[in-house]
Amino acid sequence: MLKKLLKHDLKSINGVGCMMLIVMAVTTLFALLSFKSPMWEAMFSDSAYGFKFGIADLIGIIGIIFYFIIVSVMSFVFLIFLGYNFYRSMYSDRGYLTHTLPVTQSRLFLSKVLSGAIWTFVINLAMMFSFLAIIVGIINVILSGAGMEWGVFWKEFSMEWSDFVEISRTEGGVSIGSFMVVLGIFFLLSPVISVVIMFGSLTLGQLAKSARAVLGVVWYLLILFLLMLISYVISFISTLSMFTSGEYSDMMMLKDYQYTYSITLVVQLIIAVVLWIVSVKILKKKINLH
Amino acid sequence: MSELIELMNLSKTYDSKFLAVNNVNLKLPKGKIIGLLGPNGSGKTTIIKMIAGVLQPTEGSILVNGNPVGVESKAKVAYLPDRTYLLGGETIDKVIKFFADFYEDFSVEKAYEMLKTLDIDPSRKIKTLSKGTKEKVQLILVMSRQADLYILDEPIAGVDPAARDFILRTIINNYNPEASVLISTHLITDVEHVLDEVIFMRYGHLVLYTAVDNIREKYGKSVDAYFREVFSC
């Protein structure tokens with residue numbers, strides 16, 4: 001039954017998810033084309049004399065601004081859509097069908113979380129590739145302005161990177177490899193965590209007698225605030241302890257980040273697990289559709 | 001075991017004050033069409049929702065075919081709520097596939113046959129259907145199952161008399177004879193001729209549970225006339 005649930009839940013997200021990917025691809029392409037405008041060439045080359053700002057440059061700037069607006073709101077808009085989709089299928093009139101299906105409430109919740117997390121992961125991955133494309137685009141503009149070949153750049157970058165890895169290990173006491181592993185785990189788990197927090201909050205709202213959707217959103221904002229607070233406190237304690245120990249350096253910041261990321265991830269995981277258990281319990285024992 | 005549904009000391013309180021269902025004890029048999037009758041606010045829909053599993057009892061318990069409300073009971077109960085659960089953007093075809101995926105007792109052929117009889121195009125999107133047609137589609141979905149229990153909450157409210165006839169015909173012609181049908185309605189005259197038994201509810205209490213023939217024989221009245229007498233203001 002989980003397969004069937006997942007199939008239908010994914011179907012209910014596919015349309016909006018694909019639209020998001022198309023929007024991201026188009027805006028990324030548009031932003032990359034923006035780098036072709038004369039302004040960028042003039043900015044990074046020595047022969048900027050006689051450059052006049054034209055319509056192509058204006059479109060280029062709009063393209064870049066548009067890209068950053070889209071990218072900064074995309075994840076949030078998608079999460080709001082997932083919350084709406086979850087609420088509609090579970091607690092609105094559609095719930096009269098969802099909750100009378102011959103499936104357990106825990107499978108129902110699991111399927112919703114998995115489908116939402118899979119799509120969030122895909123959107124995050126697309127965003128990562130989009131950022132990568134933009135970074136490559138910017139480097140390309142800089143290199144062509146400086147008259148440098150990609151091969152030469154790559155060689156220099158590799159050397160700098162090796163130095164950075166070495167310095168971060170010796171001065172900062174951080175292995176870049178382990179730091180990347182922490183970031184990787186964060187990247188893999190954050191879709192599940194963010195979806196569970198959203199769906200769990202909306203489910204907690206069902207305990208109210210009225211205005212359940214509003215209360216669900218209030219729960220969500222409260223939990224986010226709590227997580228942010230915990231993250232700030234951890235970061236503050238970590239930084240403070242480095243300052244007081246007299247070991248602080250720029251490279252030590254990496255260690256600080258790694259520590260903060262790891263602890264924040266563990267805290268988020270604990271909150272997500274608690275919300276998951278509470279949500280399933282509410283679905284089993286407390287569900288009362290209006 | 002001849003009982004299909006067993007309600008034991010069933011109560012439901014809203015907002016810790018309003019008692020919608022008050023200590024109801026009831027055993028309903030297999031193979032009957034039972035009318036759940038009562039004025040507005042008598043607790044009909046609350047009882048139905050609790051049997052369907054979308055509302056939790058405050059006290060008491062429910063057994064359907066010997067099972068508490070859960071996965072097993074839901075696999076055997078076909079529920080028609082008093083609202084539309086179909087989403088505007090989906091086609092009838094898509095909803096039929098959804099039902100076929102989840103309910104083993106769902107007959108796709110039967111669903112398309114009924115749609116054809118009513119001249120409803122299955123490729124149409126739900127949002128393009130009239131209110132009455134949506135209700136018919138939902139009823140077709142429910143009656144295309146070979147369930148043990150059909151729970152129909154106000155199936156004929158809000159539709160024209162011709163549609164009412166169709167709905168009642170659909171119920172009679174398509175339900176599994178081994179199964180029971182529980183129909184909640186306040187349009188008694190329209191359903192009276194199809195009912196085997198009736199349950200009268202008032203202020204959350206069970207007032208009467210008897211056979212339709214018993215009312216006719218004992219009181220010399222139709223169910224509608226007797227209902228009016230019992231619930232006269």
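Basis for what follows: all heavy atoms, side chains included, without hydrogens, waters or symmetry-related copies. Letters A, B, ... are given to chains in the order of the sequence lines, protein chains preceding strands, and every chain is numbered from 1. Computed from a predicted structure; not experimentally measured.
If you measure heavy-atom distances from B:E104 to chain A, you find no contacts under 4.5 Å at all. Of the two parts of B:Y14, neither the backbone nor the side chain holds a non-hydrogen atom closer than 4.5 Å to a non-hydrogen atom of chain A. For B:T84, the part lying under 4.5 angstrom from a heavy atom of chain A is the backbone only. Neither the backbone nor the side chain of B:K76 comes within contact range of chain A; no heavy atoms are under 4.5 Å apart.
Note that NE2 of A:H99 and CG of B:L55 are 11.5 Å apart. Values are rounded to the nearest 0.5 Å.
Residues A:N288 and B:K49 bring no donor and acceptor atom of their side chains to less than 3.5 Å of each other.
B:E90 has a carboxylate O that lies under 4.0 Å from a charged side-chain N of A:R94, or vice versa, which qualifies the two as a salt bridge. Salt bridge absent: B:D101 and A:K4 never bring a charged side-chain N and a carboxylate O closer than 4.0 Å.
Below 30°, between 30° and 60°, or above 60°: for B:F98 and A:H8 the angle between ring planes is above 60°, a perpendicular geometry.
Counting heavy-atom pairs under 4.5 Å between each of B:G53, B:A78, B:G89, B:P81 and chain A puts B:P81 at the top.
Among all heavy-atom pairs drawn from A:D93 and B:Y85, the shortest one is O-CB, 3.3 Å.
By the 4.5 Å heavy-atom criterion applied to side chains, A:T100 and B:V54 are counted as neighbours. B:Q56 places a side-chain heavy atom less than 4.5 Å from the side chain of A:I287. Residues A:M1 and B:F102 are in side-chain contact: their nearest non-hydrogen atoms beyond the backbone lie under 4.5 Å apart.
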